[in-house]
2 protein chains.
Amino acid sequence: MPKRVDHAERRTEIAEALVRVAGRRGLHAVGMREVAAEAGVSLRLVQYYFQTKEKLLLFGLELLAERFGERVSARVRAAGDAPGPRAMIEALLMAALPTDDESRTFHHLYTSYAVLAVNDPALAAQPFIKNPDAAEDALTELLRQAQEAALLEPGVDARLEAAGLLAMSAGLGTGVLVGQRSPESATTVLSHHLNRIFRTGDAVRT
Amino acid sequence: MPKRVDHAERRTEIAEALVRVAGRRGLHAVGMREVAAEAGVSLRLVQYYFQTKEKLLLFGLELLAERFGERVSARVRAAGDAPGPRAMIEALLMAALPTDDESRTFHHLYTSYAVLAVNDPALAAQPFIKNPDAAEDALTELLRQAQEAALLEPGVDARLEAAGLLAMSAGLGTGVLVGQRSPESATTVLSHHLNRIFRTGDAVRT
DNA sequence: GGTTTTGTGATACGAACGTACCATGACGTT
DNA sequence: AACGTCATGGTACGTTCGTATCACAAAACC
């Protein structure tokens, strides 16, 4: 039966199976056999397209990062239609919160990978873990634009604010993920903080 | 040699060994044999004092939470000597950042447990994961005190601010942990945000 | 058309892991 | 002094995991 096959495509299919089963049962619990079953192929095939489990995991992380990047930029683009920079900033930050199954899986797995990266140099070297974060640059730029349009409160440092907001979003996401906090309360917290950065009339009463 | 032995004490020793080896090699990689070796006892003993690995992990989390709670309140108490509420708040938030080995291990393992809790109801039910967080209550109270002393900028919601700050601290901690960010830059970000909440003269130039 | 490469299946192997079982010396109790 | 329970050691069992090996059919190439 061996037709010639597109390796990249096949690898993607298998990695998607990895992401699915890891999302269901936790990254620590996934084995090559289960990934194979989920992808509907034999164990041998998983070995064939990825030689080792480590390479499979690496590729899975790449896929995850890529998909998530697309998701975020799609949301930001969608928000960039009419309103101001604030809508885009909010879209960027909210996209990372685990509000639906997709983002929940993403957050879960990304955190799993981050934990593994602490003891695994190969994972730690991955751009997605290692990078000064494209997201931070993008958010900083958005904040600068808002600043030049005089939309922000004075005394805001765009770069520091961007780093803080992203960290907050990530932290809230973890809280939601483990059930400490509802998605709604997370968005409330985030909105409140944006309100305190953006220059608006609706100050919250104490 | 079997003197009568204090079970609680023995269990703590073994759990400490668990925390040490998990801190070194990652929670996912620790086995009962290695814990036994680290604790200087036989595998049989680990089984004797904890019947199952799951119970060992559960107890390890309890120990971790307890130790960390002590650490944080010790720091807050130390900061509560002379200055204002801000020093205590800063101490509370900074204590969670992975700046030294101890807090680094804590953050690492706590995140590991949180990830496991996503797929493990028994872990998710643990108070430390599950609770509306004593830290949030404490921080909220500190913010309220500062507020009543008119130390805060207007428009700050103590509870939302507390939740946001803790999430930010956690997020920054993860960044430090995986090497995305230096401890110094994390404290800088945190300080900047506190500056924007507290009423002080030293506004940062834009 | 024969040969080499490529895709795929089945299965075996060695290691590690959690757990269970058996044995035995020391202590507390009576 | 005898007995039972406590603490501990050693080791075996069954499973699972990642990886390696053997086998073979379909296509590609010359």
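First the proteins, then the strands, lettered A, B, ... as listed; each starts at 1.
Between A/Phe106 and A/Phe68, the angle of the ring planes stays under 30°, which puts this pair in the parallel group of the 30/60° scheme.
One distance of note links CG of B/Leu58 with CG of B/Leu63; it measures 12.5 Å at 0.5 Å rounding.
Remark: the backbone N or O of A/Leu56 is not paired with any side-chain donor or acceptor of A/Tyr49 at under 3.5 angstrom.
No hydrogens or angles considered: a donor-acceptor pair under 3.5 Å links the side chains of A/Ser103 and A/Asp100.
Heavy-atom contacts from other residues, nucleotides or ligands closer than 6.0 Å to CG of B/Asp6 number more than 12.
You'll find that the side chain of A/Arg4 is closest to D/dA27, out of C/dT8, D/dA27, D/dT8.
Atoms CZ (A/Phe50) and C1' (C/dG7) sit 15 Å apart, rounded to a whole Å. Between the CG atom of B/Asp6 and the P atom of D/dC6 there is a distance of 15 Å, given to the nearest Å. We find that CG of A/Leu45 is positioned 7 Å from C1' of C/dG7, with the value rounded to whole Å.
Phosphate proximity of C/dT8 to A/Ser42: absent, as no side-chain N or O sits under 4.0 Å from OP1 or OP2. Phosphate proximity of C/dG7 to A/Tyr48: present, with a side-chain N or O under 4.0 Å from OP1 or OP2. The phosphate of C/dT8 has OP1 or OP2 within less than 4.0 Å of a side-chain N or O from A/Tyr49. Close to C/dG7, at under 4.0 Å from its OP1 or OP2, lies a side-chain N or O of A/His7.
Taking 4.0 Å as the cut-off between side-chain N and carboxylate O, B/Glu90 and B/Arg86 count as a salt-bridged pair.
The stretch residues 13-20 of chain B has no heavy atom under 4.0 angstrom from DNA chain C at all.
The salt bridge (Lys or Arg N to Asp or Glu O under 4.0 Å) pairs that include a residue from residues 44-61 of chain B number zero, where partners must be two or more places apart or lie in different chains.
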Which is it for A/Glu38 and A/Arg24 under the salt bridge (charged side-chain N to carboxylate O under 4.0 Å, His left out) test, yes or no, and what are the steps along the way?
CA-CA 11 Å; A/Glu38 172 80 21; A/Arg24 280 203 306 270; 2.7 Å; yes

Would you give a per-nucleotide map of nucleotides 13-20 of chain C, 5' to 3', where B means the base has a protein non-hydrogen atom under 4.0 Å away, S means only the sugar-phosphate does, and - means neither?
----BBBB

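A cation-pi arrangement, defined by a distance under 6.0 Å to the six-membered ring centre and an angle within 45 degrees of its axis, is present between B/Arg11 and B/Phe59.
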